[in-house]
Amino acid sequence: MTEFDGKSRQHKAYITISCSGPEAPTTPRLGVFGTRHSRAGANLRFTTADCDWFYAHLIETNYDTGITEKHYRLVNPTREQLYTAISAAGEFLSEHLNTSEWDGGQITFIYAGHGCPGSGSWVFKDGEISATELVKMVAGAVEPNRRRCRIDLISDSCFAGAFFADLLSYSCGQMSDRLFLCDVFGAALSDEEAWEYETHGHGVFTYAFKAMFEPLMLGQPSLPRHKSTRIRDTDRLHSGGASWLTDDEQHAFEYTNGHLEVLGAGYVRFDNHEALTSEGIRKAMADALEAMPNVEVPIV
């Protein structure tokens with residue numbers, strides 16, 4: 001198997017980060033499912049619930065578990081606290097460098113909070129963390145060795161697509177010998193805010209993702225239903241309905257092994273990662289949004 005086949009790693013570190021929004025609660029938006037607020041004024045209770053649910057979901061037995069795993073939990077942290085957690089994760093992975101099962105290790109980030117307009121940079125209480133800075137932090141913490149470290153990301157935040165575009169282009173263009181960005185799930189495209197519902201106590205993306213699994217856990221789905229045909233039905237079925245729940249204002253995306261899909265819309269395959277630019281990735285995502293479901297969009 002090659003590194004680019006999505007194989008789960010044997011030694012894993014999880015870093016979960018929940019942050020409050022930098023602004024006061026925003027003007028509520030009324031929709032068919034109730035009152036929602038932008039994550040610019042994210043409620044820490046909701047973002048913490050998002051991170052806790054995703055982490056619990058990932059370590060369930062139906063997912064591949066590693067030989068060793070470690071979890072670093074950050075609630076409304078400073079930039080320095082994130083750096084400390086990443087350094088600790090790098091030290092944890094380095095303990096297994098000389099073992100027979102060493103495969104490069106893996107760090108999975110789960111972030112819920114606000115992302116800055118334009119860049120999607122994560123907003124902490126004492127500043128921002130850009131995608132480029134995050135890549136540099138991880139590369140500096142992981143000891144150089146014969147295998148690349150796999151990086152996964154789940155982000156329930158505003159402008160998550162912009163953060164992803166910078167993350168993919170920089171990691172592939174500058175750190176391809178050190179890091180391997182494998183799986184990414186994002187709440188919103190490059191120019192979209194992410195929303196949260198008061199009544200559900202979660203971000204819309206997390207709630208929609210969670211709702212996909214509730215028929216398995218509860219015997220029935222809790223995701224509300226309505227008869228609108230304006231929102232793509234495939235999004236409702238495939239992603240749990242992030243766009244459906246926001247009247248088509250927020251669109252989730254998924255990236256796996258070079259395959260980028262706007263859920264409920266088109267997809268793009270990135271074959272030449274080293275030639276990728278952030279602007280090109282953002283345009284590809286925007287073009288995929290306009291395409292019909294399961295239709296490949298060429299990279300222009």
Side-chain angles (χ1 to χ4, degrees), residues 17-23 26 37-42 47 50 79 82 109-124 127-138 151-175 179 181-196 203-206 208-209 239 242-243 246 248-256 258-268 270 273 275-291 297 299-300:
I17 311 153
S18 53
C19 296
S20 57
E23 302 176 9
T26 58
H37 293 269
S38 166
R39 290 232 124 153
T47 58
D50 293 344
R79 287 166 42 88
L82 175 62
F109 290 93
I110 303 171
Y111 174 75
H114 182 47
C116 292
S119 66
S121 294
W122 296 348
V123 179
F124 287 23
E128 302 167 5
I129 298 290
S130 69
T132 299
E133 187 174 6
L134 182 68
V135 171
K136 291 178 178 178
M137 283 184 178
V138 175
I151 305 299
D152 286 356
L153 169 64
I154 298 171
S155 182
D156 192 341
S157 59
C158 302
F159 314 108
F163 190 91
F164 162 74
D166 290 348
L167 188 72
L168 182 62
S169 62
Y170 188 76
S171 62
C172 290
Q174 303 296 323
M175 299 290 179
L179 306 176
L181 186 63
C182 186
D183 290 345
V184 178
F185 295 88
L189 301 186
S190 302
D191 58 351
E192 295 177 344
E193 291 182 278
W195 299 84
E196 57 187 28
V204 167
F205 171 68
T206 302
F209 199 103
S239 70
S243 70
T246 59
D248 229 8
E249 292 185 24
Q250 176 184 334
H251 302 88
F253 66 90
E254 172 185 334
Y255 172 84
T256 303
H259 180 281
L260 172 66
E261 180 179 359
V262 176
L263 299 185
Y267 71 92
V268 181
F270 298 118
H273 281 68
L276 291 177
T277 65
S278 180
E279 293 75 15
I281 296 168
R282 296 182 195 210
K283 184 179 186 306
M285 297 176 77
D287 291 344
L289 175 62
E290 299 304 318
V297 176
I299 301 175
V300 179

Which residues pass the side-chain contact (heavy atoms from CB on, under 4.5 Å) test with [X], sequence neighbours left out?
| X | answer |
| --- | --- |
| Ser155 | Tyr111, Trp122, Leu153, Ser157, Ala160 |
| Thr246 | Arg36, Trp195, Val204, Glu249, Gln250 |
| Glu128 | Cys116, Ser121 |

### Query
Under 3.5 Å, side chain of Asp50 to main-chain N/O of Gly203, donor-acceptor pair present?
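The answer is yes, because a donor-acceptor pair under 3.5 Å joins these two groups.
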### Query
Okay, side chain of Thr47, backbone of Cys19: is any donor-acceptor separation there less than 3.5 Å?
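Present.
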How long is the gap from [atom1] on [X] to [atom2] on [Y], to the nearest 0.5 Å?
| X | Y | atom1 | atom2 | value |
| --- | --- | --- | --- | --- |
| Glu133 | Leu82 | CD | CG | 8.5 Å |
| Ile154 | Ile17 | CD1 | CD1 | 11.5 Å |
| Leu181 | Tyr170 | CG | OH | 14.0 Å |

### Query
When you look at Asp191 and Arg282, which way does the salt bridge (charged side-chain N to carboxylate O under 4.0 Å, His left out) test go after all the steps?
CA-CA 9 Å; Asp191 58 351; Arg282 296 182 195 210; over 6 Å; no
Close side-chain approach of [X] to [Y], heavy-atom, < 4.5 Å:
| X | Y | result |
| --- | --- | --- |
| Phe270 | Leu168 | yes |
| Asp248 | Ser243 | yes |
| Phe159 | Ser119 | no |
| Ile281 | Ser169 | yes |

### Query
Any idea how Phe164 and Phe253 line up, ring-wise: parallel (<30°), tilted (30 to 60°), or perpendicular (>60°)?
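The rings of Phe164 and Phe253 sit tilted, inter-plane angle from 30° to 60°.
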### Task
Return yes if a side-chain donor-acceptor contact under 3.5 Å exists between Thr132 and Asp166, otherwise no.
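No pair is found: no donor N or O on one side chain lies under 3.5 Å from an acceptor on the other.
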